[in-house]
Structure formats: C-alpha cells, structure tokens
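Computed over heavy atoms, backbone and side chain alike; hydrogens, waters and symmetry mates excluded.
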Amino acid sequence: MPSEAEHAFLQFDQVKKSYDQKTLVVKGFDLDVDRGEFITLLGPSGSGKSTVLMMLAGFEGVTSGDIRVENKSITRTAPYKRNIGMVFQNYALFPHMTIAENLAYPLQVRKMAKPDVKDRVNEYLRLIEMPEFGGRYPGQLSGGQRQRVALARALIFEPSLILMDEPLGALDKKLREQMQYEITRLHEQLGFTVIYVTHDQTEALSMSSRIAVFNDGVVQQCAAPAELYERPKNAFVADFIGENNFIPGTVSAIDGAEAKVAIPGGEIIAVAGDGLVVGQKCVVSVRPEKLFIQPTSHAYDNEVTAAHVTHHYVGDFIRYYFRFADGTEINLKVLNDLAAPNFSAGQEGKLAWLKKDCIAFPA
Amino acid sequence: MENSLSREDGRNARRELNRRRIAAFALVIPLLVFIFFAFVAPIATILYRSVYNPVVSDLIPETLAALDAAEWDRADVPPDDVLNVFSAELSLLAQERLSGRLAEEINRAIPGMSSVVRSTSRAVRRMEQDTLLSEGGQTLLDANDRWGDVAVWRALQDAGAPYTEDYYLTALDLQRAEDGGIEARDGARIYVTLYTKTLRIALIITILTLILGYPLAYFLANAPSKSANMLMVFVLLPFWTSLLVRTTAWIALLQTNGVVNSFLMSIGVINEPMEILYTQTATILAMTHILLPFMILPLYSVMKGIDPSYLRAAMSMGGRPIPAFVRIYLPMTLPGLSAGALLVFIISVGYYITPALVGGTDGQMISNIIAFHMRESNNWELAAALGSLLLAIILLLYWVYDRFVGAGNIKLG
C-alpha cells in the first residue's frame, strides 16, 4: 500500500529492545504503516511482538532506533501524551467505575465539557450496541460485552492509532468470531489505524490488511494475508501460517523460478525459494488441501507414490495420512463427497498437485 | 420426566446434605471448644465482672438485709438494730480474718475508712454475738465516731449491691451524686483523657504506618519476584524477632546516651541529648516500627493482584501518572488499605508491652492502666469495666467504618 506522502503514517526504524543489557528481544524492527491500515503482529509467544506494541504505547523504552508518527519521533514522548488508544487482553476496565464512567475517563482527562462527555459516551454506547449498559459495573458484564466496552473506551477519544494486545485471547471461539466481526466493522466505519498483536493466525488472516510474522525478535515476513499463505518467504512462515507438509528432498536442477527436486516418492517441480542452490538438501512445503489422490479431475504437475497409513473422518472433510518409502509422513484433506476414496492400510496410492502449490526451501 | 423430586428422593437428598453438614461441623468442633474456653468464656467473665461485685454482699448479707427491712431512707444513720446486726457480722468476719476485705472495699468508696473498719473489728472481735446483737451499735459508735456518719452507711449499702454500674461511671470519670444522679467526678479526668490519648496515639501510628508502608508495598508488588521475595524477608524480619527484644532495642536507640542522641550530637544537629525515651514520641516510634508489617502485608497482597495494565490503560487514555494513580490505582487498593489501617489501629489501641517499656508516664495507654488495676491496685472490676469500654469503643469504630467504607471491602490476602 504505497502512500502518496513521502513518509508513512507510522514508521518503525531499526527499533531494538533489550531487557537485560545482554540479549536483544527485538532485533531491528522496520515497518511502515499507512493511515487506516490494519496491521497484525503475529508470532509465537516470546517472539517480541508484544514488546514492539509496548514500545509503541510508551510503556517500554526503546533501546535503539526510532518510532515516528506522522514523521514526528515519539520515542521520547510520555505514554499519556502519545494519544494512542489501547485495548488490553484483560480489558483493563476500571472495576470501581461504571461503564459510562469508564468511557468518560479519557474525555475527562482531556477536560471536555460535561454535556459533551455525556453525549459522546452515549454515542459510543450506541456504537457498540450497548446503550442501556452505562450504569452497570464491569463485573456485571460478560466477557464479550467487556471487550466491546474496552474497544469503545480506546476509541472514544478518537486517537489516530489503536493498539490491541491479544484482545480476544480470553474469549471462547464463538464469541471471538463475533468480536472479530465487530472490530472489522468498527475499523471500516471509523477508519482508524490498528496495530493488532495475536498468536492466533486465523484471527490474523481474517482481519488484517497486512500481517508481520515475528520469530526470534525478527520479522520473518510482512505481507497481505493471501500472499503470506500462498507465498511464504521461508520455512518458518510456511509452517507457522496454516498447515503444511514438509517433504525432505535434494535440488537436482533450477530453472528460473522453478526447481526440480528429488523426493522419496519421485521427482517433482516446485517453486524455488530464496537462496536455493543446485545439489542442496531442501524441504518442499505443500499444503494438505492442495494435494489430490489419483484418479482426480484436478489439473496437476507433480505425481508421487506413497503408502496409505490411516484416515480420520473429520466431518466436512476427511484427512488421509500417507507415508513415503523413507518414512516421511504426508497428509491431505479431501472434501467429504462421493469422490472420497476408500483405502486399506498399506495400500499404495498416487498423490498429485500443481507445481505452483509447492515451494522448495533450503533445508 | 418430572423435574421435581419424589418423596424418596427428597429424603435421600436431605440425608446426604445433613451428613455433609455434620461432617463439616465435626471438623471445627475442636476449634469451637478451644475458642469457647480461651476466648468467649474469659471475655464473658470480664464483662460480667465489670457489673457484678458480690464481695460486700457476701461478707455482710445480714446487715444489708436489715437495711432493706428497716426501709432505711439514707438520710440519717440507720436504726440501732441495723447497727447491732452489723457489729455482730463484723465480729464474725474478724474471727474469720475477713474484715480486711471489707475494709478494702469500703476504703475504695471513702478513703481512710480502712483503718476505721480494722480498729472497730478488733474491738468487736472477742465480744459475744448475743451481746452485740442487743447493744453492738453503741460499741461501734464508741469504737469510732465515724460510724455515726451517714455517708459511711450509704457507701456500705452501695458497695453491698451485687450488680453495679459504678465501675463504668468511674471508667468514664463520673460518679453517683448524693441525690442518686450522675455527676462528673472531682479532680482530673483520668480515664477519659487516657482513652482520648490512646485513640490519638493509635491514629498517629496508623497514619505513620500508612505513609511508610504504602510506597513500600507498591514497590514490592511491582518489583521482579526475585528481589521482591528478598525484600519481603526484611519486612517479615520483625515478626521473627521477639517483641521484647525489639522494644529493648528501641530503648538502646532512644535513651539519653543512646545511638540516636550520640549520632545527632556528633554531627552537630543538637548540642545536648534530647529526652526521647519514656515519652509519647518513643511509644509512637517503637509501635510504628512494630506494627508496620501489619500495614504492608495486606496492602502488598492487594496490590499484587492489581494488573499493571490498569494504570497503563489510564495512561494510554491520556491520564497523567499522579492523577491516574489517585483516580484508578488508589481506589483499587482500598480493600488492603482499610484492612491494614483497621488492623494497625485496633492492635495499637490495645497495645501494652511497648508503651509499658518505652512510654514512661506520658506514653502510657489505656491497656497500661488496665494492667495496673489488675496487678497492683487489685481492682479487677474497674479493670474489667475499662476493658469492656475499650471493646465497646472498638466495636463502635468498626460499625462507623462499616457504615462509611463497608466491611466487605476488607481484604487481607
């Protein structure tokens, strides 16, 4: 998303963070965010994503590097002067204040006139569809309602930037999906910029305009959800996002963007990942839903032979497990329809897929 | 299926519930028994003792009965037959060597009567009961003319009432007036002044522990767990040393040639030693030190449970640190704060050993005077009345606290 201005709305410039003066938790974080974007920082716990958020909010100091909003450095700005809204995982609603008082708090510290505060609070209560809840206390609300209030409280003073730190982590699956919808709706309606931290990739994929995948203090890849899923940059991203099979092999030839790889079940053609060299050991990643069992009506480029191990009936699909001659296991998802084949244990089958659906990464 | 239970089901469910209740009750029986004998019974005894004093009525039952029978009007010396009965009883008491008890009791009402009772009892001791019953009254008057004083007989009748509110009156610096009403006692208001002083000292100590303890508890609750645990040991250290040792250490610190004075003199802040020991200041200093953990621990445990994200949330919304702290954090620590303050206040109101050791006369609190009446003046009834009043004051304060803050807010851990 190229911005028309010279600089992006929010810029991280080689931001580093160390807690113990010895090791870096965040190792040189670069990111440009445009106004109105929904950026998700995704990664396993301890990968440094929350630290980035805390530095942006101002609760953690920046060891080196710079954070700029509208080209003004905020690295040395006190948190309460940054005008950044934040939604916390535990909601952080003040338990001794009513919902209306909670919502009014940011307006009161901004010395807004009383009638205006009241109007604004009512407006935002309507926005989160809880107009009659103003007089209640946070303890009297359900998890989803608290989350909506926390969201409204972060939005009510109209900050240009909203940070969310695993805001849906404490909710059950159904509520989480509702809240995802709710957040997306508000985001589209109000047009604020979001930096969202989560370890839940489904959440990240369904809500974000771009996702930065963190591991080990470094951004592995920052791209739109579809690109991240279809074109992972390295084996970590391929493994972390969605499900993947990893088949070990050896690169026998490289032709432009394509690589010929010898794997236990035969020779295949795959998209060549960065840094792939002929003769090198590699892993080929291919997603379970991109694999088909012969005979199939789908187009395919690669075909390998493997022995059936077992299959699990999941409901909307059936998951088949196969094993190559060297013992490498591979699984695939087949839609639960009339075409789903029957296999007995040890029976050999042929698996087929398109060359564009598999990527060879250096091992 | 019906949702209601059949009779059989209901019986089974009730039996099950009862069995569980009995089991739960059986578990606490030893504690209940212990509490009854170690706590409820002594307190009840003390409360009873403060209004019930049967000593005189046990010593001279006949005389008191005679006074009632004669429908004595308390205006003049009782009729002769009453005096006769009294002289006979006094003689019996003298033979059983109990007249001293009576002397002590009457002396408490009218100072100087002790020797009168003793000398008279010596006079009537060897006389025949029959003689005394017929003309003992004259013997009394001959032995000491104070027996002709109506005040003595009034005191005797008052002391003879087994149930009395006199000790409470004394504890409140009041007394019975001649006409039976209640009036302020002449002279200094000893006990009311002492109660006020005790409450004031307790309040000062509570405020001091709060000022010292709150920041420390905050620091401990937010420190990394390793150093917090280490520092917690220092907070608890006073608990592990004997109270007496700690108090004595304060004596060493505060005395005229003690550490504090020598230090201040050596750096030239003062030219001659300050008198700190045996003053109210010493009591306040030592007790603040001793009671500090009682403030820190409940505060710490409450603060430990407050997620740092509350303050962060307030700041992200634009709240400056100090207003945000006052508006958001402080109210959330209120349960610990009130628990700590209540604990320190109530403990210090009844504190005895530290004021006794470092307080001197100025730093004495109500417990010290209660102890004095139990150990030295041997006036258990007054001690009981003073103690009961103290209990009543604390209960009253607790009620006030509950009205305004709410006892449900207390959180000890």
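Within a 6.0 Å sphere centred on OH of A/Tyr19, heavy atoms belonging to other residues, nucleotides or ligands number more than 12. Dense packing is recorded around NZ of B/Lys197, with more than 12 heavy atoms of other residues, nucleotides or ligands lying under 6.0 Å away. Open room surrounds NZ on A/Lys118; 12 or fewer heavy atoms of other groups in view lie less than 6.0 Å from it. Counting non-hydrogen atoms of neighbouring residues, nucleotides and ligands closer than 6.0 angstrom, the CZ atom of B/Phe263 reaches no more than 12 such neighbours. Open room surrounds CD1 on B/Ile322; 12 or fewer heavy atoms of other groups in view lie less than 6.0 Å from it.
For A/Gln108, the part sitting under 4.5 Å from any heavy atom of chain B is the side chain, from C-beta outward, and nothing else. Interface remark: A/Leu107 contributes no atoms to any contact with chain B (heavy atom separation under 4.5 Å). Both the backbone and the side chain of B/Pro321 come within less than 4.5 Å of a heavy atom of chain A. For a residue to count as touching a neighbouring chain, one of its non-hydrogen atoms must lie under 4.5 Å from one of that chain's; by this rule A/Arg82 does not touch chain B.
Ranked by heavy-atom pairs shorter than 4.5 Å toward chain A, the options B/Ala314, B/Pro323, B/Pro308, B/Ala324 are led by B/Ala314. Here A/Pro95 is the residue among A/Gly85, A/Pro95, A/Pro79, A/Ala57 with the most heavy-atom pairs under 4.5 Å with chain B. Contacts with chain A were tallied for B/Arg320, B/Met315, B/Arg312; B/Arg312 has the most, counting heavy-atom pairs under 4.5 Å.
Taking all atoms of both residues into account, the shortest heavy-atom contact from B/Tyr310 to A/Leu93 is CE2-O, 3.1 Å. In terms of heavy atoms, A/Tyr105 sits closest to B/Gly319 at OH-CA, 3.8 Å.
The CG atom of B/Leu311 sits 8.0 Å away from atom CZ of A/Phe94, with the distance rounded to the nearest 0.5 Å. Taking CZ from B/Arg327 and CD from A/Glu101, the interatomic distance works out to 7.0 Å, rounded to the nearest 0.5 Å.
In this structure the side chain of B/Met317 never reaches within 4.5 angstrom of the side chain of A/Met86, judged on heavy atoms. With a 4.5 Å cut-off on side-chain heavy atoms, A/Phe59 and B/Ser316 count as touching.
Between the side chain of A/Arg153 and the main chain of B/Ala313, no donor-acceptor pair closer than 3.5 Å is present. A donor-acceptor pair under 3.5 Å is absent between the side-chain atoms of A/His96 and the main chain of B/Tyr329, judged by distance alone.
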